[in-house]
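Beneath this line is the structure, given in structure tokens, with notes to follow.
In what follows, residues are counted from 1 in the order of the sequence shown. All ligand and atom numbering here is 1-based and tracks the order in the structure.
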Amino acid sequence: MIEPLNETERADALDGLPEWDFNDARDAITRQLVFADFVEAFGFMTQVALIAERMNHHPEWSNVYNRVDMTLTTHDAGGLSSRDIELAEAIDAIVGD
Ligand SMILES: C[C@H](O)[C@H](O)[C@H]1CNC2=NC(N)=NC(=O)C2=N1
């Protein structure tokens with residue numbers, strides 16, 4: 001059973017993820033991306049999907065044309081865990097941040 005991050009761990013993790021916002025109500029992190037068009041957005045989502053499946057950790061997300069909205073939290077932990085931080089870092093690497 002994975003545990004949610006404690007206060008110190010959460011603060012440290014958020015420091016390392018400046019492109020992500022913290023959603024206190026959900027104990028989740030969110031990021032919105034805008035691409036040139038749908039093909040670029042869906043190509044990004046395809047790359048994330050493959051990594052998420054490999055990690056067995058999956059984003060909550062939505063896509064409208066060139067926009068992708070992502071929320072990361074760990075359902076099994078009831079909040080933000082180290083798995084979300086690892087997935088966020090992998091997503092940032094795809095984006096080039
Ligand atoms: C059974 C399977 O391992 C779990 O349901 C995994 C799959 N992907 C997951 N993704 C996310 N974001 N949180 C989880 O708790 C989670 N659990």
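With sequence neighbours excluded, no residue forms a ring-ring contact (aromatic ring centres under 6.0 Å, His included) with Tyr65. With sequence neighbours excluded, no residue forms a salt bridge (charged side-chain N to carboxylate O under 4.0 Å, His left out) with Asp76. Annotation: ring-ring contact (aromatic ring centres under 6.0 Å, His included) contacts of Phe22 (sequence neighbours excluded): none.
Residues with a heavy atom under 4.0 Å from ligand 1: Asn56, His57, His58, Thr73, Thr74, His75, Asp76.
Between Arg10 and Glu7, at least one side-chain N (NZ, or NE/NH1/NH2) sits under 4.0 Å from a carboxylate O, which counts as a salt bridge. For the pair Asp69 and Arg67, the salt-bridge criterion is met [side-chain N within less than 4.0 Å of a carboxylate O].
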Could you give me the CA-CA distance, side-chain angles and deciding distance for Asn66 and Glu40, then say whether side-chain contact (heavy atoms from CB on, under 4.5 Å) is met? CA-CA 7 Å; Asn66 64 340; Glu40 294 291 325; over 6 Å; no
